[in-house]
Amino acid sequence: MRTIRLAVALFAVASTAFWAASAPAATPAEIQKGFEAAARSATPGFTGFSAQRGEQFFKSPHGNDWSCASCHTENPLGQGRHAKTGKTVAPLAPAANPQRFSDAATVEKWFRRNCNDVLARECTAQEKGDVLQYLTSLK
Amino acid sequence: MDNAMKRHAFDATVWLVALAMGLILIAQQAMAGSNAMPADNVRWKAECGSCHVAYPPHLLPAPAWNRIMAGLDKHFGTDASVDAQTTAEIKAFLDSHAGRDWRAWEATETLRITETAWFRRKHREISAATWKHPAVKGAPNCAACHTAAEQGDFRERNIRVPR
């Protein structure tokens, strides 16, 4: 009896560790808090994020060939399509796709690369927060 | 056997089962990111398959892949860069599964699979109109016709050309 208990306990511990290691790291709200902290320290007159500003930013080509919407489409609740390769892109709005904005490192990577593609520069914390505000406002 | 022996046998069985389950858990975790499964790697699939189909490594030789991996920030017009550790892992995977035929490739040294002699030969029956079809968009979009491309399956039986 003691053996079974011990073996089950060991297995339970191993499973929990395994599960914890593969659990998602963040939520959109947590990631937004990170942007807010960064925006506050970067912008003296920070007044918060705006979904409307985020939507405009998202759909504007910013003087270049692509906008965020070029691949993520005008309706981020729906499926997107890569502007060059035609490959389908999963919906970006968290309401349509719970995988989105669930890992800070992934969010960081995609903003870094895609802002470089669209704007030829990094996006500021204000801009990222506005975009996330817009995306989480979609239901 | 007597009761003491039965008890020992039972204990031993329980421990063996628990150990086996634990080993399977560990092995699964280890195998997930390794080359144990043919021409598949979790990081490669995730990073190289997000904007286009993860092109099978054997379609280009190692020097081609090396050049691609060295210029990810200028990857055919976009920024596809990843961190150093991921770059190294993907590069190692591509190197070990790259195509062996360098000589054919050296004629053009192209980094585009769609411009290799092999690709042109395999797709010689596809009309220009098909390549321009809105559902296809172009040759890099394998999945437009190769319906199982996401699973690395390019067999004839799974081809459906849009009309």
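These numbers come from a predicted model, not from an experiment.
- In this structure, no portion of B/V17 lies under 4.5 Å from any heavy atom of chain A.
- Note on A/R113 versus A/D117: no salt bridge recorded, every NZ/NE/NH1/NH2 to OD/OE distance being 4.0 Å or above.
- Taking the charged nitrogens against the carboxylate oxygens, B/R67 and B/E109 do have a contact shorter than 4.0 Å, which makes a salt bridge.
- Neither the backbone nor the side chain of A/A120 comes within less than 4.5 Å of any heavy atom in chain B.
- Note that B/R120 lies outside the cation-pi zone of B/W118, set by a 6.0 Å cut-off to the ring centre and a 45° limit from the axis.
- Your options are B/P134, B/A80, B/A143, B/C142, and the one with the most heavy-atom pairs under 4.5 Å with chain A is B/A80.
- With respect to the salt-bridge test (charged N to carboxylate O, under 4.0 angstrom), the residues A/E108 and A/R112 do not qualify.
- Ranked by non-hydrogen atom pairs under 4.5 Å with chain A, the options B/G138, B/C51, B/A139, B/A135 are led by B/C51.
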